[in-house]
> 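Got a structure here, written out as structure tokens. Questions coming.
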Amino acid sequence: MEPCLEIRCLSAVLPNERRVLRSVSLAVQPGEVRALVGESGAGKTMIGKAVLGVLPKSVRIVEGEMLIEGEDLGRLDAKARRTLIGARTALIPQDPLTALNPSRRIGPQMTDRLVRILGWSGEKADKRIRQLLDEVQIREPERVLKCYPHELSGGMRQRVLIAAAFAAEPRLIVADEPTTALDVTVQKQILRLIAQLQRDHGTAILFVTHDLGVVAKISQKVSVLYAGKVVEEAQTADLFASPQHPYTRALIAATPRYTDPYASLKPVDETVLAGLADEIAAADRAWRPSHG
Ligand SMILES: Nc1ncnc2c1ncn2[C@@H]1O[C@H](COP(=O)(O)OP(=O)(O)OP(=O)(O)O)[C@@H](O)[C@H]1O
Ligand SMILES: [Mg+2]
């Protein structure tokens with residue numbers, strides 16, 4: 001089966017030539033949830049943004065390929081790339097408040113994307129949005145559609161954005177820490193909801209998180225990222241049963257009971273981090289960009 005998303009040897013640099021992504025490779029199969037886990041600054045969001053074609057201007061891709069359902073994004077012109085990404089992918093963002101336009105009502109914000117990117121009629125888009133609001137268990141769609149973002153709770157705003165993400169039937173959703181900005185009690189509901197819609201719609205998800213408990217709950221496969229480098233990838237169950245890389249072992253050890261959100265996080269072992277720094281320095285010394 002052709003992967004829904006394939007990233008091959010992707011490297012990206014900042015203006016000072018420091019690499020923020022180091023030969024990243026990963027594939028997401030249709031209907032699969034792939035977790036991308038790592039500490040703050042590891043480059044998780046950068047990968048998500050690369051896939052969605054919204055990297056900051058200061059970040060330059062210097063090697064590698066990205067394919068969406070077999071189509072190489074690098075071979076398309078900017079317009080065709082935007083069209084492809086718009087039609088096949090969607091984002092569930094970390095912060096639902098900043099992802100919404102504060103001065104527009106929820107309804108038009110949700111339907112706009114379907115009309116603009118997919119060329120649907122207003123009527124079709126409206127019907128679809130109401131259907132999705134029902135799926136994300138919003139009980140008073142009429143009221144919610146007329147609300148401004150600040151009139152909804154954080155959990156409700158995230159439900160709205162989840163509905164918007166699934167509405168266009170994307171093949172791939174990038175979910176970037178979609179529960180981090182929410183209350184702990186709401187986090188669980190939102191996670192369950194994403195898992196439910198993912199199953200119902202058969203959508204592949206690249207699920208970005210720093211939380212191993214979330215990885216265990218939602219994903220079938222996982223890539224562990226450190227300093228822009230994938231240090232290990234595995235089936236999720238195998239990763240917890242027999243982590244191979246010292247960093248993965250340290251990360252698991254640093255989360256005493258990874259299923260308990262209240263457990264305190266210990267810092268990752270210093271010697272492991274020193275070993276990782278050596279590994280990354282060696283990779284950088286050996287690295288020559290293949291083009292760019
Ligand atoms: N707009 C930007 N311009 C330049 N460098 C950036 C920019 N955004 C992030 N970076 C740098 O790129 C690296 C990866 O950042 P990224 O935001 O992808 O990390 P992350 O894994 O998503 O972290 P977090 O868990 O905090 O969200 C970091 O070193 C960061 O400082
Ligand atoms: Mg991030």
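Every number for a ligand or one of its atoms is a count from 1 in the order of the listing. Numbers here simply count residues along the sequence, with the first being 1.
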> Can you tell me if Arg18 has a non-hydrogen atom under 4.0 Å from ligand 1?
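Contact present.
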> Quick one: pull up CG in Leu73 and CD in Glu6 and give me the separation to the nearest 0.5 Å.
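Going from the CG atom of Leu73 to the CD atom of Glu6 covers 11.5 Å.
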> May I ask you to decide if the ring planes of Tyr148 and His150 are parallel, tilted or perpendicular, using 30° and 60° as cut-offs?
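If you compare the ring of Tyr148 with that of His150, the planes turn out parallel.
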> How long is the gap from CG on Leu161 to CE on Met110, to the nearest 0.5 Å?
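The CE atom of Met110 is 7.5 Å from CG of Leu161, to the nearest 0.5 Å.
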> Could you walk me through whether Ser25 and Arg8 pass the side-chain hydrogen bond (donor to acceptor under 3.5 Å, both in side chains) test, one step at a time?
CA-CA 5 Å; Ser25 294; Arg8 295 184 192 145; over 6 Å; no
> Is atom 30 (C) of ligand 1 less than 4.0 angstrom from some protein heavy atom?
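So far as the 4.0 Å threshold goes, atom 30 (C) of ligand 1 is out of reach of every protein heavy atom.
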> At less than 4.0 angstrom from any non-hydrogen atom of Gly41, what atoms of ligand 1 do you find?
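Matching atoms, with element in brackets: 13 (C), 14 (C), 19 (O), 20 (P), 21 (O), 23 (O), 24 (P), 26 (O), 28 (C), 29 (O).
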> What I want to know is whether Val59 and ligand 1 share at least one N or O pair that is separated by under 3.5 angstrom.
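No, Val59 has no N/O under 3.5 Å of an N/O on ligand 1.
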> Give a yes or no on whether a salt bridge exists between Arg130 and Asp126, defined as a side-chain N under 4.0 angstrom from a carboxylate O.
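Looking at Asp126 together with Arg130, the answer is yes, because their closest N to O distance falls below 4.0 Å.
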> Between the side chains of Gln198 and Thr203, does any donor sit under 3.5 Å from an acceptor?
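Short answer, no.
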> Can you list the ligand 1 atoms lying under 4.0 Å from a non-hydrogen atom of Leu14?
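With Leu14 as reference, the close atoms of ligand 1 come out as 4 (C), 5 (N).
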> Using a strict cut-off of less than 4.0 Å between a Lys/Arg side-chain nitrogen and an Asp/Glu carboxylate oxygen, indicate whether Asp176 and Lys44 qualify as a salt bridge.
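Salt bridge flag = no for Lys44 with Asp176.
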> Any idea which protein heavy atom is nearest atom 26 (O) of ligand 1, and the distance to it?
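Looking at atom 26 (O) of ligand 1, the protein heavy atom closest to it is Ser40 OG, 2.5 Å.
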> Please confirm whether Gly43 comes within less than 3.5 Å of ligand 1 when only nitrogen or oxygen atoms on both sides are compared.
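Such a contact does occur with ligand 1.
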> Would Gln94 count as a contact residue for ligand 1, given that I'm defining contact as a non-hydrogen atom of the residue lying under 4.0 Å from a ligand atom?
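No.
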> Could you check whether Arg81 pairs with Glu71 (Lys NZ or Arg NE/NH1/NH2 to Asp/Glu carboxylate O, under 4.0 Å)?
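The answer is no: the pair does not qualify as a salt bridge.
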> To the closest 0.5 Å, what do you measure between CD (Glu32) and CD1 (Ile205)?
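Interatomic distance, Glu32 CD to Ile205 CD1, rounded to 0.5 Å: 11.0 Å.
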> Can you name the atoms of ligand 1, numbered from 1 with element, that are less than 4.0 Å from a heavy atom of Thr45?
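Those of ligand 1 that fall under 4.0 Å from Thr45 are 17 (O), 18 (O), 20 (P), 22 (O), 27 (O).
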> Hey, is Glu177 one of the residues with a heavy atom under 4.0 angstrom from ligand 1?
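Distance cut 4.0 Å: Glu177 passes for ligand 1.
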> Quick one: does Ser58 get a heavy atom under 4.0 Å from ligand 1?
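Right, Ser58 reaches ligand 1.
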> Can you check which of Arg19, Met46, Lys44 brings a heavy atom nearest to atom 7 (C) of ligand 1?
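When every heavy atom of Arg19, Met46, Lys44 is considered, Met46 comes closest to atom 7 (C) of ligand 1.
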> Test of understanding: given a 4.0 Å heavy-atom threshold, classify the contact between Val20 and ligand 1 as side chain, backbone, both, or neither.
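For Val20, only side-chain atoms sit under 4.0 Å from ligand 1.
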> I'd like to know if Lys221 pairs up with Glu233 as an ion pair, taking the criterion as any Lys NZ or Arg NE/NH1/NH2 lying under 4.0 Å from an Asp or Glu carboxylate oxygen.
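No.
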> For ligand 1, which atoms have a heavy atom of Glu39 less than 4.0 angstrom away?
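The atoms of ligand 1 under 4.0 Å from a heavy atom of Glu39 are 21 (O).
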> Below the 3.5 angstrom mark, is there an N/O of Ala42, backbone or side chain, next to an N/O of ligand 1?
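Such a contact does occur with ligand 1.
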> Any salt bridge linking Arg75 with Glu65? Criterion: basic side-chain nitrogen under 4.0 Å from a carboxylate oxygen.
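Not counted as a salt bridge, because no side-chain N and carboxylate O are separated by less than 4.0 Å.
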> Look at the N, O or S atoms of Gln94, main chain and side chain alike, and state whether any lies under 2.8 Å from the Mg ion (ligand 2).
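No, outside the cut-off.
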> For Pro56, counting its heavy atoms only, list the atoms of ligand 1 lying under 4.0 Å from any of them.
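Selected atoms, number and element: 1 (N), 2 (C).
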